[in-house]
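Heads up: numbering here begins at 1 and tracks the sequence. What's counted below: heavy atoms across the whole structure, side chains too, no hydrogens, waters or symmetry copies.
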Amino acid sequence: MTSSPHETRDDTPPAGRDAALGGAARAGAAPPEGRPAREAGDDSPEAVVSCTTEDAVAWLTLDRPHALNALTWDQRERLIGLLADASADDGVRAVVLTGRGRGFCAGADLRGGNGSSGGSGSGSGSTGRTEPAAGQVARTVERGAQRLIAAVLDCEKPVIAAVNGTAAGIGAHLALACDLVLAAEEAAFVEVFVRRGLVPDGGGAYLLPRLVGPQRAKELMFFGDSLPAAEAARLGLVNRVLPAGELAGTARDWAQRLATGPTRALALTKRLVNASLDTDRSAAFAAEAWAQEINMTTRDAREGVASFAQRRSPVFEGR
């Protein structure tokens, strides 16, 4: 089951769309200090997903604006690695995931050659290939799109999606797997799989019903209509909708608040909330009790209690 090609409107011919994107794509939600535009034709993993860390916030930026940041194999693997690094790095206490240009991530790039697909990537968008062996598609989904979404859900640091434009297919699921979602007014979410005769991948059928309920999830997946940011917020998929010029600043402010918070308590809270949707009350209560037990061994918990007793603001170290 491959994720979407990087188009979100069936009435736009590919050639015309590519020409329209050209080199004039406007900037997306760039990190606070920005950075020079990458060299044209530089498709190294480090170039197509940039990583900058400032004030304990890691900014992960998809940087293929000419393709609306359609996800390649290299981008996917680098994102998984960077999220794992953020979990393990005590110097990172929050993560912002965004895109450069007019798109956040318009699905998997199915137009490239070997290994180009960033979603499930079974290659069904190509011609002249032999039929996959039994089990090959399932393995590709498990090792590809599902690993990416799991990397976001399992990241021990809070992850904010700053959705600057189109988020389609695996790109939509990448955003919705984040802990908090900010979206520019121009952003849209598209469950584009049905337009290609495909089943959603990247955890879509897991994420959406938990966010909006089964009926709404089926409506989005059955029809594949573009969902504007404002409507996504009304349904509960997005925390805030902002003018494009305010997206990066708000993401920075939110990330800074998280980065100065009690990092281990936030990690345990994230795990409790994510697990609560898949368990019964008894198991959820037991997990909560043990999370409290673990958290009370941290410096930040002791600081929080001491600051309350001393009537001062706490200073959390993330430990």
Side-chain angles (χ1 to χ4, degrees), residues 1-10 68-71 76 79 83 97-99 103-108 118-122 137-138 141-142 144-155 158-184 187-241 270-279 284:
M1 314 319 178
T2 49
S3 295
S4 65
H6 61 267
E7 68 247 36
T8 59
R9 293 182 53 188
D10 287 340
L68 290 180
N69 294 314
L71 203 64
R76 185 194 72 207
L79 273 176
L83 288 163
L97 177 60
T98 190
F104 173 75
C105 174
S120 52
S122 67
V137 172
V141 172
E142 291 166 354
Q146 290 179 355
R147 280 179 59 239
L148 175 60
I149 300 307
V152 179
L153 294 171
D154 296 339
C155 183
V159 183
I160 299 173
V163 184
N164 52 296
T166 299
I170 186 68
H173 302 163
L174 181 61
L176 298 179
C178 293
D179 302 302
L180 300 168
V181 183
L182 302 173
F189 299 81
V190 192
E191 288 294 321
V192 76
F193 302 92
V194 70
R195 300 185 186 183
R196 311 290 169 249
L198 302 175
V199 173
D201 68 11
Y206 173 86
L207 294 168
L208 275 171
R210 286 164 170 76
L211 293 168
V212 298
Q215 276 71 32
R216 288 289 191 183
K218 291 172 188 173
E219 178 182 346
L220 295 172
M221 291 179 167
F222 286 2
F223 295 114
D225 294 333
S226 179
L227 185 70
E231 180 67 7
R234 190 184 71 80
L235 293 178
L237 293 173
V238 171
N239 293 89
R240 299 283 190 279
V241 178
K270 173 175 178 172
R271 180 172 294 187
L272 283 175
V273 173
N274 287 351
S276 72
L277 300 171
D278 301 314
T279 190

- Message: Checking side chain to side chain contact (heavy atoms under 4.5 Å, CB included) between Thr98 and each of Asn164, Asn69, Leu182, which is the one that passes?
- Response: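 Only one option passes, and that is Asn164.
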Between [Y] and [X], is there a side-chain heavy-atom distance shorter than 4.5 Å?
| X | Y | answer |
| --- | --- | --- |
| Leu79 | Leu97 | yes |
| Arg210 | Asp278 | yes |
| Glu219 | Val212 | no |

How many angstroms lie between [atom1] in [X] and [atom2] in [Y], if you round to the nearest 0.5 Å?
| X | Y | atom1 | atom2 | value |
| --- | --- | --- | --- | --- |
| Ile160 | Asn239 | CD1 | CG | 9.0 Å |
| Thr166 | Phe189 | OG1 | CZ | 10.0 Å |
| Leu237 | Glu231 | CG | CD | 9.5 Å |
| Leu174 | Arg76 | CG | CZ | 12.0 Å |
| Asp154 | Asn274 | CG | CG | 8.0 Å |
| Leu153 | Leu207 | CG | CG | 6.0 Å |

Taking all atoms of both residues into account, what is the closest heavy-atom pair of [X] and [Y], and its distance?
| X | Y | result |
| --- | --- | --- |
| Pro200 | Met221 | CG-SD, 3.9 Å |
| Ala70 | Ala108 | CB-C, 4.4 Å |
| Ala187 | Val163 | CB-O, 3.6 Å |
| Ala167 | Ala172 | O-CB, 3.4 Å |
| Pro209 | Ala217 | N-CB, 3.8 Å |
| Ala175 | Ala161 | O-CB, 3.9 Å |

- Within a radius of less than 6.0 Å around CZ of Arg271, do more than 12 heavy atoms belonging to other residues, nucleotides or ligands occur?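 Not buried by this count: 12 neighbours or fewer within 6.0 Å.
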- State whether the side chain of Lys270 and the backbone N or O of Val159 hold a donor-acceptor pair below 3.5 Å, judged by distance alone.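 It does not hold such a pair.
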- Task: Starting from the C-alpha separation in whole Å, work towards a yes-or-no answer on side chain to side chain contact (heavy atoms under 4.5 Å, CB included) for Tyr206 and Ile149.
- Result: CA-CA 11 Å; Tyr206 173 86; Ile149 300 307; over 6 Å; no
- Message: Let's go through Val190 and Arg195 carefully: what are the C-alpha distance in whole Å and the side-chain angles of both, what is the deciding distance for side chain to side chain contact (heavy atoms under 4.5 Å, CB included) to 0.1 Å, and is it a yes or a no?
- Response: CA-CA 10 Å; Val190 192; Arg195 300 185 186 183; 3.7 Å; yes
